[in-house]
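FYI, the numbering just counts along the sequence from 1.
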Amino acid sequence: MLTIENLHVKLEEEDKEILKGVDLSVEAGKVHAIMGPNGSGKSTLSYVLSGREGYEVTEGSAQLDGQEILEMEPEERAAAGLFLAFQYPVEIPGVGNMTFLRTAVNAQRKARGQEEMNSTEFLKLVRARAKELDIDAEMLKRGVNSGFSGGEKKRNEILQMAMLEPRMCILDETDSGLDVDAMKLVAQGVNKLRDAGRGFLVITHYQRLLDHIVPDVVHIMANGRIVKTGGPELALEVEKSGYADFAGEVA
């Protein structure tokens, strides 16, 4: 599904290399977690995959279902099936949640050569998805993230994910700023979207999120590389001893 090979990336403004040869494969139906200390390159990886400006790929490739995505525009990557849940979702004052969701869904359908969804079809689907994710219908009537709590913003992103039905979901520190109850609700939403045709890449500092979104594979990132890969027990090892033991390891 998602295959990253020897990916090298630098910050354009500072001419500073951040990713120094990342190799990673995420299979359909699997949840992979990336853990690592601040500055290890975790969020940079998510930004580069989603097409954020300010980064230059100097070497390597990233393919989604066999398509090279690094040469695509962000909207083309989304249409190809890539979704990024942000660490800090932005507010869009004056834009209703329903309007935003319908516009996003139909833009992707159009890009894929599908018929756009009419208002009746869309309303039926969004209400069903919200119910499945235990999202209050009142959230649908509000502006995009306007006045939302941290937990509501993250749950709203999960709803966006459910509506867009991406092939590959990247969650960039989605537990950031959440209390335990909010984190559990977000994790429940993610777990409801797990299926055999969808892959997840969950980026986090802490093992606590992985108590609720149990990964199939855990990777440790340090100094711009994946330095160790293992099962869920690797996250427990990090929780117990920290990242210092991994800093000198070579992938």
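- Using a 3.5 Å distance cut-off with no hydrogens or angles, the side chains of Asn223 and Lys20 do pair a donor with an acceptor.
- A side-chain donor-acceptor contact under 3.5 Å links Thr229 and His219.
- There is no path of hydrophobic side-chain contacts, each under 4.5 Å, that joins Leu49 to Val217.
- Side chain to side chain, Glu27 and His32 meet the donor-acceptor criterion of an N or O pair below 3.5 Å.
- The closest side-chain donor-acceptor pair between Asn6 and Asp23, if any, does not fall under 3.5 angstrom.
- Under the side chain to side chain contact (heavy atoms under 4.5 Å, CB included) test applied with Ile203, the options Glu173, Met35, Met221 reduce to a single match, Glu173.
- Leu185 and Met161 are not part of a single hydrophobic cluster, where members link through side-chain heavy atoms under 4.5 Å apart.
- When only modelled atom types and interatomic distance are considered, Asn156 and Glu152 share no side-chain donor-acceptor pair under 3.5 Å.
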Determine, step by step, whether Arg198 and Asp195 satisfy the salt bridge (Lys or Arg N to Asp or Glu O under 4.0 Å) criterion, reporting the C-alpha distance in whole Å, the side-chain angles of both residues, the deciding distance to 0.1 Å, and the verdict. CA-CA 6 Å; Arg198 182 174 293 124; Asp195 65 38; 3.2 Å; yes
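- With a 6.0 Å radius and a threshold of 12 heavy atoms from other residues, nucleotides or ligands, Lys192 has its NZ atom above the threshold.
- For the pair Arg127 and Glu132, the salt-bridge criterion is not met [side-chain N within less than 4.0 Å of a carboxylate O].
- Grouping the Ile, Leu, Val, Met, Phe, Trp and Tyr side chains by contacts below 4.5 angstrom, directly or via other members, places Leu236 apart from Val214.
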